[in-house]
Structure formats: C-alpha cells, structure tokens
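All of these numbers come straight from a predicted model, not from anything done at the bench.
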Amino acid sequence: MTINIEWQDQHGNWHHYQSKQNQADAYRVAQRRAESTKKRHRLVDDDGRLIDLID
C-alpha cells in the first residue's frame, strides 16, 4: 500500500509532497516536516482515505 504525504497551504488547499511504502516512515517524515515548516500535513492511502492528520 502506498502512503501519500500531503501538506496544506494557507488557503486550505492540499499539495502532494511524497509517497512512501512504509506507514511508520511516512508518519515520521510528515511529523518532522510539519514541525519544521509549521504547516499541517496528512497521510492518505491509495484510495484517498485519511490515515492521519499532523499539525
């Protein structure tokens, strides 16, 4: 299963950042990037279902 990392801009639009095969690795990358950029990130699966939301 592919996990997509997306980030939200100031207008509320979601943008693709990266795809990962490993959910734990995707979470670590998204959490680290959310902290450094101060932007909201989310993990979604192949079907677009929300897995996690990181502020």
I need the Asp52 CG to Leu43 CG distance, nearest 0.5 Å.
5.5 Å

When you compare the side chain of Ile51 with that of Val44, does any pair of heavy atoms fall below 4.5 Å?
no

May I have all residue pairs that pass side chain to side chain donor-acceptor pair (under 3.5 Å) and include part of residues 23-35, sequence neighbours excluded?
Lys20-Asp25, Arg33-His41

So is Arg42 actually on top of Trp7's ring, under 6.0 Å and inside 45° of the axis?
no

Euclidean distance, Trp14 CH2 relative to Glu6 CD, rounded to 0.5 Å:
7.5 Å

Closest non-hydrogen contact found for Ala30 with Ile54 is CB-CD1, 3.5 Å

Please check if Tyr17 and Leu50 belong to a single hydrophobic cluster, counting links between Ile, Leu, Val, Met, Phe, Trp and Tyr side chain heavy atoms closer than 4.5 Å.
no

How many angstroms lie between CD in Gln8 and CG in Asp55, if you round to the nearest 0.5 Å?
9.0 Å

Before you tell me yes or no, could you show the steps for Lys39 and Asp9 under side-chain contact (heavy atoms from CB on, under 4.5 Å), namely the whole-Å CA-CA distance, both residues' side-chain angles and the distance that decides it to 0.1 Å?
CA-CA 7 Å; Lys39 295 189 185 297; Asp9 65 16; 5.8 Å; no

Val29 side chain reached by Ile5 side chain, heavy atoms, under 4.5 Å
yes

Heavy-atom donor-acceptor pair, Asp47 side chain to Arg49 backbone, under 3.5 Å
no

With a 4.5 Å limit on heavy-atom distance, are the side chains of Gln21 and Ile3 in contact?
no

Separation of Gln18 CD from Asn4 CG (nearest 0.5 Å)
10.0 Å

